[in-house]
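Here's the structure we're looking at; comments come further down.
Letters go in sequence order (proteins before strands), and every chain restarts at 1.
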There are 2 protein chains.
Amino acid sequence: MEPEDFRAAGHELIDWIADFRTGVADRPVKAAVRPGEVRGAFPSEPPTGADDVRALLDDLDRAVVPGTTMVQHPMHFGWFPSNAALSSVLGDLASSGLGALGISWESAPALTEVEEVVCDWMRQLTGLSDRWHGSINDTASSSTFVAMLAARERATDHAQTGGGLGAHGRPLVVYTTDQAHSSVRKAALLAGVGADELRMVEVDPWTRAMRPEHLRDLVEADVAAGRQPMAVVVSVGSTGTTAFDPVDEVAAVCADHAIWLHVDAAMAGSAMLLPECRHLWHGVERADSVSWNPHKWMGTILDCSLLYVTDPEHLVRVFSTNPSYLRSTADGEVTQYRDWGIPLGRRFRALKLWFHLRLDGVAEIQTRLRRDLANAQWLAAEVERTEGWEVVAPVLLQTVCVRHRPLGPDGDPLTGAALDDHTTRWLAELNDSGRAYCTGSVLDDRWMVRVSIGVEATERRHVEALWHMMRDFAET
Amino acid sequence: MEPEDFRAAGHELIDWIADFRTGVADRPVKAAVRPGEVRGAFPSEPPTGADDVRALLDDLDRAVVPGTTMVQHPMHFGWFPSNAALSSVLGDLASSGLGALGISWESAPALTEVEEVVCDWMRQLTGLSDRWHGSINDTASSSTFVAMLAARERATDHAQTGGGLGAHGRPLVVYTTDQAHSSVRKAALLAGVGADELRMVEVDPWTRAMRPEHLRDLVEADVAAGRQPMAVVVSVGSTGTTAFDPVDEVAAVCADHAIWLHVDAAMAGSAMLLPECRHLWHGVERADSVSWNPHKWMGTILDCSLLYVTDPEHLVRVFSTNPSYLRSTADGEVTQYRDWGIPLGRRFRALKLWFHLRLDGVAEIQTRLRRDLANAQWLAAEVERTEGWEVVAPVLLQTVCVRHRPLGPDGDPLTGAALDDHTTRWLAELNDSGRAYCTGSVLDDRWMVRVSIGVEATERRHVEALWHMMRDFAET
């Protein structure tokens, strides 16, 4: 495609996106398609000729948009916010248009150095000290995995340079809680730690925060048994209930046993843009690595996960590659981000953060985050003062976890399977209505409903509307 | 940013990109900045207020563009082609604009199913049988790593569900050649295989293709010593010289010992769009996994690496996560791509392939690839018939590896360190001129120059101009 054809088609597409975003609130939140339905709308054989962009936009409208759950919809309260701020979309477009290749500093010095600058801005904006050095990964799964690989090699004194993990001799142990994101378990297992050596530290029954004294007991028992603690992963805003593990107390245990401490703040990292929230990760300075995702609540479009470490030289030792065709005269003077993680090639992801910060401004983002925190408190208060409803976890951030427990035939509030049936029934009806979307999750072996507030477009009136809808679907 | 502000800024940015791409040939190919120079052009503290897009475009022009090596420049012959076809840029923009969240089928059925459709189109277009099931990773580094993790778990009968790699008992061995991409070594080491168990199979001294009889010897020796072969990685178009390992003969060794065979066709996969090139990976059907990057020569903008496997159920067993908040009624009926690799969340990457195929058309892409193959043959012939010049590796694809060997003071052609000095001197002068860019690489312990042809904009006249320039810089 020639630049002039791109110009014409690009203007059409920009208008399509602006129109789409303008109208997103009028669409059903949840994609109402059956498995295979979207696939069936496409030819099974590859296209043979050249189409024009109009045909593709029509197909987007016809097959793709109805097959997409609208996570930018103001009535979307599912999973976690996955905002795609239009300012960051522009940054992403600038990255694509530039078509830079990030495989070494030399292949695109600006790609490397703007990433350094922007990661450092984000460090300052979240109150981290200048001991931290950041890079951008695609997702928190990758950030956590990089941290686990770095921890493994530190624990084994770089076994990869010799006989590998199999020759290490002592079983390596990873500690987290059953509230941690699924990617933590996955990262530990993929790093070569067995499920037998994955410890689920007890949590407080109400806050679901890790109990550091139980962590200490487990660590000491493992050490006594000849096993080697490798890493502890704490959740700063867990996925189920946005629980906060006590970072500082956990760090004390880690310090006593020289265990790598990774802070998974995928969700709650955005909150650290607000000074009043930073007590929630008190002790973070004592960790070895911390990651969080601007592509969630803050809203820099996916994929944008920040990973900070205090010892980038250790990362380089674990992840380095230095083949001759990538050597340059600048080696040693510059950052080679290929040696900070898994992929060699990287997109110019820093541009979407840069555009987001400069076009929207930090103050506007902070105002929005505070709006969402207040909306969550409002909803929690409504739920708590309403007969038959309960808030089932502390509301420290923007997610409110609730159950409706009507009276059963025996006059007592529903329990057990009957309660699960009720919860999943009203949630499915709510979601299938297309008017709002929440996610169910299992807590204490029972289903509950997570109302995760924080879509850019979600104002108080949308939360009010959701609450009315929840009552309608649950109480009838 | 509101949709109407996005519309206005988006039109400006589209024009900026169209203008940038139009003028790319007038810029220096190589970024002429010193380490730290781009960083120094940015404030060290984060921006405090809201800017407008004009200010950002000015900063792109002022600080980012001059700090970026122009891999879309017709005189760029470095590394491998990293085309960013403008049609695929539009697809990437559509993905960003849609703002979909790919964490499960339910979160965006279209994201999953269009990826299935497009991967299957690409399968057909490269002549793979319908035994293969594809997904899109960010880079070949990740694709190879996923393959190594899958191979590890198959070799250990899923050690991750028990005591992990440390409890497996037998050392795991990975086989490749010293011509393999650096990411192969990295993937094996990160998967927990030690450097001691990484075997470099001998290559043919001219073709640099793996010698299957040596592979067999190594495997048998390892088995006899109680070690366990885990995986063989063959290069289909190696990075240095685009060497082709003999897939079929290697597959025979793998079959005899039940070893996972991964085909790294990162570069040469694009060539498989041409039926006449498919003999170069003859035997690929016998492999367990194969990956290649449309974001290289084919030109679907980075990041777009295809990974095909014959047994996706095995991938799911290795990479699965099924927390309650991601369960849906469609489980079991649909593909959950989060269980095919490392990240949970994924962008709607299929759109860029879809736009690329439909807007440019396969025929146009094939014509371009054939143009590049012919240009490489032309250059190789010119080099070979010119006194003092030599082609140092077979030209089976679009990369021509050359040395200029002038006569030294003693009347004999330069050798050793003197030859290296000469090669690196003229290459540096060529690259520093800004008029063209090639990559140096070490072959048989001596520097040579790779001319990697295949930028979308590179016509015969550009290759001719390069050849004149090479002679000018080397012969004077």
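The closest donor-acceptor contact from the side chain of A:Q72 to the backbone of A:S82 lies under 3.5 Å. For the pair A:E12 (side chain) and A:A9 (backbone), a donor-acceptor distance under 3.5 Å is absent.
Only the side chain of A:E364 comes within contact range of chain B, with heavy atoms under 4.5 Å apart. For A:D303, the parts lying near chain B are the backbone and the side chain together; criterion is any non-hydrogen pair under 4.5 Å. Using a 4.5 Å cut-off between heavy atoms, A:L172 does not touch chain B at all. Proximity to chain B (any heavy atom under 4.5 Å) is shown, for A:H168, by neither the backbone nor the side chain. Heavy-atom distances place the backbone of A:A159, and not its side chain, under 4.5 Å from chain B. For a residue to count as touching a neighbouring chain, one of its non-hydrogen atoms must lie under 4.5 Å from one of that chain's; by this rule A:D19 touches chain B with backbone and side chain alike. For B:T69, the parts lying under 4.5 angstrom from a heavy atom of chain A are both the backbone and the side chain. Proximity to chain B involves both the backbone and the side chain of A:P343, based on heavy atoms less than 4.5 angstrom apart. Within the 4.5 angstrom heavy-atom criterion, atoms from both the backbone and the side chain of A:P43 approach chain B. Looking at A:V33, both its backbone and its side chain come within 4.5 Å of chain B, counting heavy atoms on both sides. In this structure, no portion of A:V24 lies under 4.5 Å from any heavy atom of chain B. If you measure heavy-atom distances from A:I301 to chain B, the contacts under 4.5 Å come from the side chain alone. Interface remark: A:T335 contributes no atoms to any contact with chain B (heavy atom separation under 4.5 Å). Looking at A:E45, both its backbone and its side chain come within 4.5 Å of chain B, counting heavy atoms on both sides. Using a 4.5 Å cut-off between heavy atoms, A:F348 touches chain B through its side chain atoms alone.
Using a cut-off of 4.0 Å between Lys/Arg side-chain N and Asp/Glu carboxylate O, A:D138 and B:R346 are scored as not salt-bridged. B:E106 and A:K30 are joined by a salt bridge, as a carboxylate oxygen and a charged side-chain nitrogen come within less than 4.0 angstrom of each other. A salt bridge links A:R347 with B:D92: the distance from a Lys NZ or Arg NE/NH1/NH2 to an Asp or Glu carboxylate oxygen falls below 4.0 Å.
Aromatic ring orientation, B:F145 versus A:F145: parallel (interplanar angle below 30°, classes split at 30° and 60°).
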Item to check | Stepwise side-chain contact (heavy atoms from CB on, under 4.5 Å) test for A:L13 and A:L57 | outcome: CA-CA 8 Å; A:L13 181 54; A:L57 298 181; 3.6 Å; yes
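With chain B as partner, the option from A:V362, A:D120, A:L190, A:T139 having the largest number of non-hydrogen pairs under 4.5 angstrom is A:L190.
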